[in-house]
Every structure is written in C-alpha cells, then in structure tokens.
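Everything on this sheet refers to the single structure shown next.
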Amino acid sequence: MNRRSSSLYLSLLYGAAILALLAVSLWLRLSDLDADPPLYFDGSGQSLSTDPYQYTYHARNKILFDDWDPLQEKSWKIFQYSLVSGLSYLIFLISGVSRANANLTGLLLSVTAILLFTLALRKIVSRTSILAILFLLLCNQVLFVYGRLPYLENGLLFWSALLFYLFVNFRQNSTGLALLGVSLALAALTGKIFGFILAVPLVGGLWIDYSSRRRRLLILLVSFLATSLAFSLIFYGGNLKETFSYLFMQSYGLYGFPEALLSPLNFLERFVSLGNESRFYYLSPALGIGGFLGVIYTFRQKGKKWLLENPALLFLILWLISAQFFFCLGNYRPLRYIYFSYLPLAGIAGHFLDSSDRNSTAPIPPEGSRFSLIIFFAALWIFIEQFLYTFYVEIGFLAVYKRLVWTTAFPALVLTLLEWKFSFSRIFFDKTVRLSLGIFLLVLAGWSFFNGYDKWQKEKSFNIKNGGIDQGEILSPGAVITGPMAPTFLPENRLKGMIYAVGISGKEPDLLRNSPVTHLTVNSDAFPIIVDEFPDLAMARPVTVYAVRDAEIGLYRISHLTGNREVAAYLSTEYEIARDFFEEKLYDSAAFYIEQFLKTYPNNLSALILKSRISSATGRRDEGLLAIEKAATLHPDNYLILFDMAVYYQEMHQLTGERKFRALAEETFLRVTAKNPHFADEVAAYIAASQMGR
C-alpha cells in the first residue's frame with residue numbers, strides 16, 4: 001500500500017470512528033429523553049429536579065397561552081431572554097410542548113458545544129487526540145446527565161465552545177474579533193453571568209500577540225459593549241442597571257458575601273477544595289487526571305515561553321485557572337455552575353496525549369523552572385486533596401474539607417521539592433508512557449460512564465413526567481401552581497404556574513396575596529422553610545404526594561390561605577373533595593367522590609392510591625388491594641407506590657395470617673430497594689416497627 005492509499009485509509013478509518021462515536025452517543029442521549037435524572041447523582045440536592053424547567057417556562061407559556069409571562073413574574077425575566085428559552089420556543093413551536101422536547105434543548109446545545117470545541121482543536125492536536133478528546137467529553141456522565149436537561153449552563157457551554165472556535169480560527173481578522181466580542185457578551189447575557197470569566201483567556205490570548213494589540217483589543221471591547229447595550233435596549237428598555245441586577249441576583253447575589261474573602265486561609269481552603277461538594281472530579285476522574293497531567297506537562301516540559309507561543313493552549317489554561325479562581329469565591333457552587341470547565345480540562349488532557357509531538361522529551365526549560373514549580377505545587381496540592389476526598393464523599397464536604405486541605409499541603413510540598421531536585425515528572429513525558437496513560441484514561445472514562453449509565457438504567461423512572469400528567473387530571477383547569485417543583489411538572493399539562501425559589505421569593509411578603517396561586521408543590525424538607533416565610537400556609541391541605549428522584553414532593557392546596565379573595569373561590573375537583581373528606585375521616589363521602597372521579601380518569605395515579613387507603617379504612621381491603629396493585633402495574637418504576645403496596649401486603653398478612661401476603665410483601669420490599677437503594681432505611685424501619693407491633 002503506497003503512502004497516498006495509506007493516508008486515505010487512515011482518514012476513512014478516522015471518519016468512521018468519529019461517526020460511530022457520535023451515533024452511539026446520540027442514541028444513548030435521545031433514548032428515554034423524558035426519564036427522570038439519576039438518583040443522588042450530585043449529592044442530595046434537588047437541582048436536577050427543580051431548576052431546568054424554569055428556563056423553558058416562558059417558552060411553554062408563549063406556546064400554550066400566547067404570552068411569555070401570563071402571571072407577570074417580572075423578577076424572572078432573565079430566564080425568558082436566555083438562549084435556552086429561545087431555542088426551546090422554536091422546538092415547542094415545531095414539535096409541541098413536552099418534557100422530551102424541553103430536554104432536547106439542553107441536548108442540542110451540549111452536543112453542539114462538544115462538537116464545536118473538538119472541531120476547534122483540529123489545529124492544535126493530532127487526529128488521534130481529537131478522537132480521544134471527543135470520547136472523554138461524550139463519555140462523561142456529568143455532561144450526559146446535565147446535557148439532557150434545559151439548563152442555562154448548556155447555553156453557556158455552547159457560547160464557550162463557539163468563542164473558543166472563533167478564537168482559534170478567526171482572531172487574526174477584524175470580523176473575527178468583533179464576533180468574539182458579540183459571543184462574549186451573549187455568553188453572559190443569554191447563557192450565564194459566569195460567561196464573563198471567558199474574558200480572561202480571551203484577553204490573555206490576544207495580549208500575547210504583540211502585533212496590533214491595542215487595535216484588536218479595542219475591536220473586542222467595542223463589539224462587546226455594543227452587544228451588551230443592544231441587548232439591554234431590546235429586552236430591558238435600555239436599563240443597564242436592571243440588566244445587570246437580574247444577572248447578579250440569579251448568580252452569586254443570592255448567597256451573601258464570599259466566605260473565601262474573609263481571610264487568606266479561607267481563600268486557600270476554598271480554592272483547593274473547589275469541586276469537593278459538587279463532585280466535580282469524583283464524577284469525572286479521567287478528565288481530572290488528564291487535566292492534571294496536561295498542566296504538569298505544559299509547564300514542566302514545555303515551559304512558559306513555549307506556552308506564550310501557543311495562544312490556543314494558553315486560552316484553555318487561562319480558562320481553567322480563571323474558572324478555578326472565580327468559582328472558589330462562591331458560598332454556593334453546585335456542579336452545574338462549574339461543569340463548563342470540563343471543556344478546557346479535555347483540551348489540556350488531549351494536548352498531553354498528543355503522540356505527534358516531536359519535542360516530547362526535550363529538556364526542561366530552565367527559564368521557566370521556578371514558575372513551573374509553583375504551578376506544579378498548586379496542581380499537585382489540588383490533585384491530592386481531590387483524590388483523597390473521594391474516600392469521604394459519603395461523609396460530606398463540610399465535615400472534612402478543611403482538614404483535608406491542610407493535611408495534603410505537606411505531601412504536595414515534599415513532592416514539589418523532590419521534583420525541583422530530581423525532575424521525576426519527566427517519566428510521564430515519554431511518548432510510550434503517555435500512550436499507556438492515554439489508554440488508561442480512556443478505559444477509566446468508559447468504565448465510569450457506562451457504570452453510571454447501567455446504574456441509572458436499573459433505577460430509571462418516569463415519575464416527574466407521570467406526576468405532571470397526574471396534576472393535569474386531579475386539579476381544575478383554573479389551578480395555578482407555585483413552589484420549587486411547580487415548573488418541573490408543567491410540561492405535561494396545560495395548567496398555569498409561577499416560579500418560586502425557597503428563601504428568595506419570601507422576601508416579598510405580599511407575593512402570594514397578589515398572585516392567583518391556588519396550589520403549592522414542594523419537597524418535604526423545604527415546606528417548613530416556606531411556612532416560616534408565609535406562616536398561614538401551615539394549615540395547607542395535602543392533595544397528593546409524588547416520588548421525584550430521591551425526594552417526596554407534596555402538593556398542597558393553599559387557595560384559601562393566601563388572602564386573595566378571587567383565588568379563594570377556586571373550585572375543587574372530585575378528587576380534591578375526596579381527599580378532603582379522607583383527611584377529615586369521612587370515609588363514605590370520600591369513597592363516593594373518588595369513585596366519581598375514577599369514572600373519568602380510571603388510571604389516575606393519585607386517585608388509585610387514595611382509593612386503596614379509603615377502602616382499607618372502610619374494611620373493603622380486597623378493593624383497596626386491587627387499586628394499589630393497578631397503580632403499581634401502571635407505574636412499576638415508582639418506589640413510593642411499590643412501598644405502599646408492600647405495606648398493604650404486610651397489613652393483609654397481619655390481618656389474615658396468609659403466607660402468600662408475607663411473601664408478596666418481602667418480594668415488593670426488595671423491589672423498592674432495587675429501585676431506590678437509599679430508601680432501604682425507611683423499609684427497614686417500617687419492617688422493624690411492624691414486627692414490634694405484633
């Protein structure tokens with residue numbers, strides 16, 4: 001085979017590998033796009049359940065009610081003008097409002113960002129490294145889970161990748177510079193305010209090019225300011241103060257003065273431990289290790305002078321470092337804020353793995369050795385601290401982070417001194433060693449991704465989607481829902497809702513009085529906080545309970561408690577009337593109304609559960625058993641329904657003494673813990689209590 005044929009063959013093989021990787025990745029991402037996110041993915045927080053659909057909320061309103069903001073919630077205007085909102089509107093306009101279509105917004109933005117980013121790297125690393133980088137990003141469980149949801153951060157991910165692509169390919173001409181300024185402004189204004197971080201690598205990358213430095217930065221600045229002003233004029237009536245007030249309040253403005261700035265020691269603790277509580281590295285070990293090796297390789301092997309001659313790689317390193325500095329300041333720094341840093345990590349790792357580098361074993365540049373040792377120490381300190389934290393993930397961030405930060409400083413310092421004396425890091429720079437490490441990282445990335453994917457498949461549920469359908473049936477068309485979970489359920493029905501953030505909205509004492517809200521939906525942990533904000537809600541009537549990932553979400557009727565006379569006239573459905581009678585222990589009346597409701601909605605989830613409880617209370621246990629079994633058959637992935645059915649079997653065994661019910665109870669309890677292993681404590685507590693009660 002001649003050289004030309006061999007080159008063509010390799011190109012075809014490379015193209016086939018890229019297409020295969022993309023095809024498998026898209027198939028996995030599109031499969032069950034309306035399923036719930038994994039349980040306890042990023043800890044015990046509820047962000048994956050509460051936040052994403054706030055950003056498609058306005059687009060849904062526009063499609064269903066021909067009004068972006070039918071309830072005039074002006075405090076959330078920033079969500080309406082986001083890239084996610086605009087794209088979701090187009091998708092809803094073409095395909096209709098649904099959870100899958102809302103999630104498609106995040107998927108398109110995240111996958112496009114990954115493709116744009118890797119496309120930009122073609123001029124920097126070899127084709128083999130491009131394939132490795134694409135694998136590291138597509139087989140990343142964080143980008144998979146968050147990339148299937150309509151987060152604002154996926155808009156930021158897109159703008160970040162586009163900005164990097166423009167920088168690599170078009171920074172040398174005026175049009176390209178103007179587009180960079182536009183992209184930077186839109187990253188912050190329609191993505192997330194954190195997009196301003198990208199100004200650091202952008203200016204740094206342009207600054208090192210001494211030719212026409214002032215003119216190029218001036219073009220960038222003018223295009224940035226012009227875009228920001230135009231955006232403010234179009235969407236905020238030219239009120240720049242209001243524009244940036246919205247942006248600030250929806251980011252760090254909500255969480256107080258940064259603790260990291262209280263003292264230098266506080267700053268170091270927050271800086272080194274960034275990523276602990278969010279599981280940033282824990283969930284993406286291959287990118288963490290690859291990024292660390294890439295930073296060490298760049299500064300210890302290549303040196304500062306070489307880096308300054310490679311603006312694209314400098315851009316990636318400044319991106320990573322500026323993000324580290326910025327996000328360490330926050331008192332609240334969840335995974336969704338930080339995961340756009342996976343892009344520079346992947347690019348830096350890809351540079352380390354690039355086997356085409358002919359100067360990979362060149363001597364360490366003496367002119368940059370002192371500076372490189374400082375970088376070496378900082379990177380090693382973070383690496384060791386993050387590695388050890390993986391053994392404490394279940395204990396929690398606040399319990400150990402200060403101790404870990406300072407106990408890991410000493411070994412990092414000792415290793416840095418050894419590096420200064422012996423330059424032991426050079427063993428990692430040999431081409432064969434790098435190839436071996438590359439294979440290890442790809443295997444680690446694949447194992448981490450598919451292990452997480454397999455776990456999700458076993459626990460996968462559609463409880464959010466089913467809860468939204470359920471709400472559309474058990475509530476009257478005139479219902480208006482608020483609460484942290486309100487936007488989450490809305491894509492499956494035509495009800496109106498209002499965005500509500502716990503601890504924030506309550507700063508407006510007349511919020512509920514001035515709003516047409518009839519119902520509140522919130523997880524059990526947050527309900528007491530809302531009651532503190534609005535004490536009258538303590539008397540709210542429960543309507544139903546949903547299992548949403550790892551939390552129980554209650555739906556409460558509050559129409560008679562807000563002080564709004566118009567809302568107090570809300571007409572309850574037959575289901576709600578039945579539920580009221582059940583709470584008042586008027587079981588015959590409850591039974592009548594639930595039967596009337598089931599004639600219209602025979603498969604309604606909440607109604608079947610309520611019927612089982614009413615039947616049990618009135619001695620018609622066989623009817624109740626049929627109802628709960630039907631609910632479990634219709635919703636086999638709902639661990640709360642399975643738990644209710646197991647309890648029903650257990651009670652039937654205690655009443656009748658029949659062994660079959662005991663066996664069914666044990667079998668169903670096992671199904672509960674298989675669907676939600678974290679619910680095992682509740683199962684064990686119930687079994688222990690029932691045995692003591694014999």
Applying side chain to side chain donor-acceptor pair (under 3.5 Å) as the test, list every pair that has at least one member in residues 81-98; sequence neighbours left out.
Ser98-Asn101
Closest approach of [X] to [Y] (non-hydrogen atoms, all atoms of both residues):
| X | Y | answer |
| --- | --- | --- |
| Leu220 | Gly181 | CD1-N, 3.4 Å |
| Leu642 | Pro636 | CD1-O, 3.6 Å |
| Gly291 | Ile348 | O-CG2, 3.8 Å |
| Val84 | Gly155 | CG2-N, 4.2 Å |
| Ile124 | Asp354 | O-OD2, 4.0 Å |
| Ser31 | Arg148 | O-NH1, 3.0 Å |

In chain order, what residues pass the side-chain hydrogen bond (donor to acceptor under 3.5 Å, both in side chains) check against Ser223, with sequence neighbours excluded?
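In terms of side-chain hydrogen bond (donor to acceptor under 3.5 Å, both in side chains), with neighbours along the sequence ignored, Ser223 is linked to no residue.
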Quick one: list whatever passes side-chain hydrogen bond (donor to acceptor under 3.5 Å, both in side chains) with Tyr57, sequence neighbours left out.
Glu73
State the [atom1]-[atom2] distance between [X] and [Y], to the nearest 0.5 angstrom.
| X | Y | atom1 | atom2 | result |
| --- | --- | --- | --- | --- |
| Arg333 | Ile338 | CZ | CD1 | 7.0 Å |
| Lys431 | Leu353 | NZ | CG | 13.0 Å |
| Leu19 | Tyr14 | CG | OH | 10.5 Å |
| Ile439 | Leu444 | CD1 | CG | 13.5 Å |
| Ile91 | Leu87 | CD1 | CG | 4.0 Å |
| Glu385 | Thr390 | CD | OG1 | 10.0 Å |

Compute both the distance and the angle, then confirm whether Arg99 meets the cation-pi test with Tyr53: under 6.0 Å from the six-membered ring centre, within 45 degrees of the axis.
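Checked: cation-pi criterion met.
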Between [X] (side chain) and [Y] (backbone), is there a donor-acceptor pair under 3.5 Å?
| X | Y | result |
| --- | --- | --- |
| Ser25 | Leu21 | no |
| Ser436 | Thr432 | yes |
| Gln141 | Leu283 | yes |
| Arg671 | Tyr639 | no |
| Asn154 | Leu149 | yes |
| Thr673 | Leu670 | yes |
| Asn493 | Gly468 | yes |
| Tyr342 | Phe280 | yes |
| Arg60 | Leu490 | yes |
| Ser129 | Val125 | no |

Salt bridge check, [Y] against [X]: does any charged N sit closer than 4.0 Å to a carboxylate O?
| X | Y | answer |
| --- | --- | --- |
| Asp637 | Lys675 | no |
| Asp36 | Lys465 | no |
| Arg434 | Asp430 | no |

Please determine which of Phe376, Phe383, Phe352 meets the ring-ring contact (aromatic ring centres under 6.0 Å, His included) test together with Phe292.
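Testing Phe292 for a ring-ring contact (aromatic ring centres under 6.0 Å, His included) against Phe376, Phe383, Phe352 leaves exactly one candidate, Phe383.
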Against Phe194, only a single residue in Phe326, Tyr339, Phe340 fulfils ring-ring contact (aromatic ring centres under 6.0 Å, His included); can you say which?
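Answer after filtering Phe326, Tyr339, Phe340: Phe326.
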Show the atom names and distances, to 0.1 Å, of all donor-acceptor pairs under 3.5 Å that link a side chain in residues 312-324 to residues at least two apart or in another chain.
unit_1, atom_1, unit_2, atom_2, d
Ser322, OG, Leu318, O, 2.7
Ser322, OG, Trp319, O, 3.1
Gln324, NE2, Phe271, O, 2.7

Can you give the donor-acceptor pairs under 3.5 Å from side chains of residues 109-121 to other protein atoms, not counting sequence neighbours?
unit_1, atom_1, unit_2, atom_2, d
Ser110, OG, Gly106, O, 3.0
Ser110, OG, Leu107, O, 3.1
Ser110, OG, Gly147, O, 3.2
Thr112, OG1, Leu108, O, 2.6
Thr118, OG1, Ile114, O, 3.0
Thr118, OG1, Leu115, O, 3.0

Do the ring centers of [X] and [Y] come within less than 6.0 Å of each other?
| X | Y | result |
| --- | --- | --- |
| Phe424 | Phe428 | no |
| Tyr546 | Phe489 | yes |
| Phe79 | His58 | no |

Do the ring planes of [X] and [Y] sit parallel (below 30°), tilted (30 to 60°) or perpendicular (above 60°)?
| X | Y | value |
| --- | --- | --- |
| Phe327 | Tyr337 | tilted |
| Phe196 | Phe224 | perpendicular |
| Phe449 | Tyr453 | parallel |

Any side-chain heavy-atom pair from [X] and [Y] closer than 4.5 angstrom?
| X | Y | result |
| --- | --- | --- |
| Asn173 | Phe170 | yes |
| Phe231 | Thr190 | yes |
| Leu28 | Phe450 | yes |
| Val200 | Phe325 | no |
| Leu166 | Arg171 | no |
| Leu152 | Leu83 | no |
| Met485 | Val548 | yes |
| Pro285 | Ser448 | yes |

Apply side chain to side chain contact (heavy atoms under 4.5 Å, CB included) to residues Asn169 and Lys123 and explain how you reach the verdict.
CA-CA 9 Å; Asn169 292 282; Lys123 292 186 176 182; 3.2 Å; yes
Within 6.0 angstrom of Phe462 CZ, more than 12 heavy atoms from elsewhere:
yes
Donor-acceptor pair between Gln386 and Asn276 side chains, under 3.5 angstrom
yes
Identified side-chain hydrogen bond (donor to acceptor under 3.5 Å, both in side chains) partner of Ser372 from the options Lys302, Gln301, Arg300
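Exactly one pass, corresponding to Arg300.
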Side-chain donor-acceptor contacts of residues 132-140 below 3.5 Å, not counting sequence neighbours, with atom names and distances?
unit_1, atom_1, unit_2, atom_2, d
Asn140, OD1, Val142, N, 3.0
Asn140, OD1, Leu143, N, 2.9
Asn140, ND2, Ser284, OG, 2.9

